[in-house]
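Notes to accompany the following structure.
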Amino acid sequence: MGEEIDRGRRQLLTAATTITGAVGVAFAAAPFLASWKPSARAKALGAPVEIDISKLDPGAMLKIVWRGKPVYVVRRTPGMIESLASIEDRLSDPRSDISRQPEYAKNEQRARNPEYFVVLGVCTHLSCAPQNRFGPGASEDGVLSADWPGGFFCPCHGSKFDVAGRVFKGVPAPTNLEIPPYVFIDKQRILIGVDEVRVG
Ligand code: FES
């Protein structure tokens, strides 16, 4: 089994090395990129998915599907990032101690880069897709009160999460939204599904 994994990993790394050589791009200092495009079948089986974030405006969110699940990428504004520090006492797991995320996302922003938030769009209660409700304050539909700081709202049973996917106290969801593995390929692209791709 271990040998199979090692062989697979070697093949992946070889492929990445080959592509790198062909492209000839110098990203040596960064956790490395593989600019390959998986087939539709490979994507369905869980291959990493590349996201272009070059046109994502501050305060906006885009969605993609990885392993059949929605993944949200939010470009947070400075105000959204600042809001994270002021609401910890309203959260069930502010330090993400009982929630699921890679080690590099176990911080206040739950991200590699505070500006870009990558999260599974799957409520930790019963797996509905939370909606983005980034605007602070009371909502017109009455489900969010005046002290709402902005975040995600799950319409199924009313769970609420901040803009780092941290769950508020008193809602059915038991833990923060899950963070998938991901890596920045460069300033404009994120690869979902892997923590890093090493070369050599
Ligand atoms: S599935 Fe989200 S609150 Fe129940």
Side-chain angles (χ1 to χ4, degrees), residues 43-49 51 53 56-77 79-182 190 192-195:
K43 281 185 182 177
L45 292 173
V49 176
I51 305 177
I53 55 171
L56 188 60
D57 292 326
M61 179 178 104
L62 57 79
K63 302 177 192 177
I64 58 107
V65 175
W66 170 69
R67 292 188 175 175
K69 296 178 181 176
V71 174
Y72 302 162
V73 180
V74 182
R75 185 173 177 188
R76 292 184 287 209
T77 62
M80 290 163 99
I81 297 168
E82 281 166 23
S83 75
L84 298 174
S86 61
I87 55 173
E88 290 201 348
D89 59 342
R90 296 168 59 188
L91 305 172
S92 292
D93 185 22
R95 304 297 166 110
S96 299
D97 293 324
I98 61 166
S99 300
R100 298 184 64 178
Q101 62 275 311
E103 198 55 38
Y104 48 77
K106 191 175 183 301
N107 50 48
E108 186 175 74
Q109 299 84 19
R110 304 191 75 221
R112 284 184 180 274
N113 175 340
E115 187 175 352
Y116 291 97
F117 179 49
V118 179
V119 67
L120 284 188
V122 179
C123 182
T124 53
H125 180 221
L126 294 174
S127 302
C128 285
Q131 303 169 337
N132 53 321
R133 298 287 192 101
F134 297 152
S139 60
E140 285 184 6
D141 57 12
V143 297
L144 302 170
S145 53
D147 63 352
W148 173 244
F152 299 89
F153 174 74
C154 184
C156 291
H157 313 96
S159 288
K160 297 170 188 169
F161 307 85
D162 72 357
V163 285
R166 297 179 301 177
V167 67
F168 282 82
K169 292 175 181 170
V171 302
T175 56
N176 300 339
L177 297 177
E178 182 176 342
I179 310 292
Y182 67 95
I190 296 174
I192 307 292
V194 290
D195 295 303

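Each ligand, and each atom within it, is numbered from 1 in the order the structure gives. The structure displayed is predicted, hence computed values, not measured ones.
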field: Count of N, O or S atoms belonging to protein, less than 2.8 Å from atom 2 (Fe) of ligand 1
entry: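 For atom 2 (Fe) of ligand 1, protein nitrogen, oxygen or sulfur atoms under 2.8 Å: 2.
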
Mutual orientation of the aromatic rings belonging to Phe134 and Phe152 [parallel < 30°, tilted 30-60°, perpendicular > 60°]: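 Ring orientation of Phe134 relative to Phe152: perpendicular.
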
field: Those residues that, when tested against Glu108, pass side chain to side chain donor-acceptor pair (under 3.5 Å) (two or more places apart)
entry: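 Applying side chain to side chain donor-acceptor pair (under 3.5 Å) to Glu108 gives none.
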
message: Checking Asp141 now: which residues fulfil side-chain contact (heavy atoms from CB on, under 4.5 Å) with it, not counting sequence neighbours?
response: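 With sequence neighbours excluded, Asp141 shows a side-chain contact (heavy atoms from CB on, under 4.5 Å) to Arg133, Ser139, Val143, given in chain and number order.
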
- prompt: Can you list the residues that meet the side-chain contact (heavy atoms from CB on, under 4.5 Å) rule with Pro70, with sequence neighbours excluded?
  reply: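 In terms of side-chain contact (heavy atoms from CB on, under 4.5 Å), with neighbours along the sequence ignored, Pro70 is linked to Tyr72, Val122.
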
- prompt: CE/Met80 to CG/Asp162 distance, rounded to the nearest 0.5 angstrom?
  reply: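 Reported to 0.5 Å precision, the distance equals 10.0 Å.
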
field: Cysteine SG atoms at Cys128 and Cys156 closer than 2.5 Å
entry: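 Judged by the SG atoms alone, which are under 2.5 Å apart, Cys156 and Cys128 are bridged.
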
